[in-house]
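Quantities reported herein were computed from a predicted structural model and do not represent experimental measurements. Ligands are counted one by one from 1 in listed order, and the atoms in each one are counted from 1 as well.
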Amino acid sequence: MTSICIIGGGPAGIMAAIFASKNPENKISIFDKGIILNTILPTGGGRCNLAYAEYNFKELAKFYPRGEKFLYSVFSKFATGDTLEFFNSIGIQTYTQDDMRIFPVSDSSKDVKQALLKQIDKKNIKKVFENVIEVKKTGNCFKVTTDKNTYSFDSVVIATGGRGTGQKLAESLGHNIIPLKPALSSLITKEKSYTVLSGISLKNIEAQVFFENKKVKTLSGDLLFTHTGVSGPVVYKISSYCAYLGFDKTKPLKISFNLVNKDFEEFDTEFLSCLKAGAQKDAANILSEFLPKNLSYKIVENLKINTGTKAGQMTKIERGKISKTVTDFVLHAQDVTKGEEIVTAGGVDLNQIDSKTMQSKIVEGLYFCGEVIDVDGLTGGFNLQNSWSTGYIAGNALKQKAS
Ligand SMILES: Cc1cc2nc3c(=O)[nH]c(=O)nc-3n(C[C@H](O)[C@H](O)[C@H](O)COP(=O)(O)OP(=O)(O)OC[C@H]3O[C@@H](n4cnc5c(N)ncnc54)[C@H](O)[C@@H]3O)c2cc1C
């Protein structure tokens with residue numbers, strides 16, 4: 001018999017438990033300070049975006065700003081196809097949206113939670129609802145201390161997610177922790193006048209990001225205005241790739257959005273012909289043919305052009321200012337919206353983890369999986385994929401170890 005303690009009953013810990021339990025010699029206990037698998041409930045807006053339809057594992061790994069190389073080895077063993085097969089085998093059928101994101105057919109994260117829990121209950125895995133505060137190793141034995149008791153185990157899996165508790169346990173066992181930073185966050189902008197447009201969104205916008213006068217990246221995705229700045233997929237990508245730049249009020253990120261997906265010349269020419277065709281209309285109204293109405297009027301107002309100016313009366317200079325603004329719409333991000341991040345960048349240093357087993361290279365018998373490690377992906381199902389894959393690798397290694 002090998003006794004295994006899994007700290008954290010999120011997607012990664014549960015996956016590790018399910019696969020480790022395939023060896024009847026393993027006696028498994030899952031410790032969770034909250035409710036097992038509750039972290040899956042809000043995923044995908046309650047629909048659980050559990051994977052992304054990229055079936056080439058090297059291509060899949062490119063969606064992770066941190067962890068790409070490490071995940072080559074992980075995904076070569078368990079990637080998108082394996083995830084879908086696994087869920088199929090436990091009664092969760094899936095479908096792929098046009099944007100390649102994969103969801104359960106029921107569109108319900110509750111169903112995913114129930115199906116996983118059923119696997120745990122079937123295997124008679126013990127659930128302990130206690131907060132683990134210390135892990136020590138003496139000889140071949142781990143002492144796991146919670147807020148209530150101390151237990152002994154042969155192996156320990158730390159799967160506590162991105163919030164920091166597991167990283168502290170790992171640090172106390174001698175591991176290096178890459179500083180934790182919020183990623184996949186909304187951004188707070190210096191420009192406040194656009195916050196009245198909160199709720200307005202634009203499809204597939206290109207954004208060029210600059211920091212300290214250097215171009216950082218060009219990214220694209222939907223953009224959403226919020227009451228403090230901007231959000232949406234393109235902004236999540238920006239926050240993720242810029243997580244470690246240290247931007248703030250004094251050194252903001254400069255982001256140039258192309259709101260019309262046309263270059264200046266192309267837009268200006270089209271705008272001019274629309275202005276000519278609708279000479280009697282308000283020029284701001286003509287701009288609404290390209291952008292949401294409230295945004296069009298706000299842009300014209302911010303440029304100090306009278307919103308009542310008729311299209312036929314608009315000067316070349318005024319038109320040029322509008323064309324420049326919509327093709328190079330600059331906002332300055334001063335911070336991320338604290339506490340609302342979807343994922344945490346940073347975690348247990350990947351150099352100290354064997355990607356073939358997820359075992360620590362420093363402490364034998366100690367394993368890591370999920371967001372606790374220094375891996376984070378973009379939005380699209382990549383973070384759950386990391387949990388399924390690394391959870392599987394850890395669980396499978398523990399299954400084999402006992403045999
Ligand atoms: C709102 C929201 C929506 C998201 N949507 C998606 C999505 O659609 N697709 C996607 O791929 N990703 C999504 N994510 C990210 C994804 O949910 C996480 O990456 C994933 O849950 C990480 O899994 P994990 O098992 O590593 O950690 P977690 O899910 O964080 O689970 C960790 C568990 O450990 C327990 N725990 C922590 N510390 C201790 C301790 N000391 N003792 C005992 N127990 C402890 C916690 O209670 C928790 O149950 C979303 C995240 C958020 C916040």
Hey, could you give me each pair passing ring-ring contact (aromatic ring centres under 6.0 Å, His included) that has a residue in residues 167-205? Not counting sequence neighbours.
-> H175-F368, Y194-F329

Determine whether the aromatic ring centres of F19 and Y392 lie less than 6.0 Å apart.
-> yes

Excluding sequence neighbours, so at least two apart, what forms side-chain hydrogen bond (donor to acceptor under 3.5 Å, both in side chains) with S389?
-> Q385

Between side-chain atoms of residues 3-16 and protein atoms elsewhere (two or more places apart, or another chain), which donor-acceptor pairs fall under 3.5 Å?
from	atom 1	to	atom 2	distance (Å)
S3	OG	D154	N	3.0
S3	OG	D154	OD2	3.3

Which protein residues have a heavy atom closer than 4.0 Å to any atom of ligand 1, listed by chain and number?
-> I7, G8, G9, G10, P11, A12, F31, D32, K33, G34, T39, P42, T43, G44, N49, E130, N131, V132, A159, T160, G161, T165, I342, G370, E371, G381, F382, N383, L384, S387

Aromatic centroids of Y52 and F382 separated by under 6.0 Å = yes

Quick one: are the ring centres of Y64 and F70 less than 6.0 Å apart?
-> no

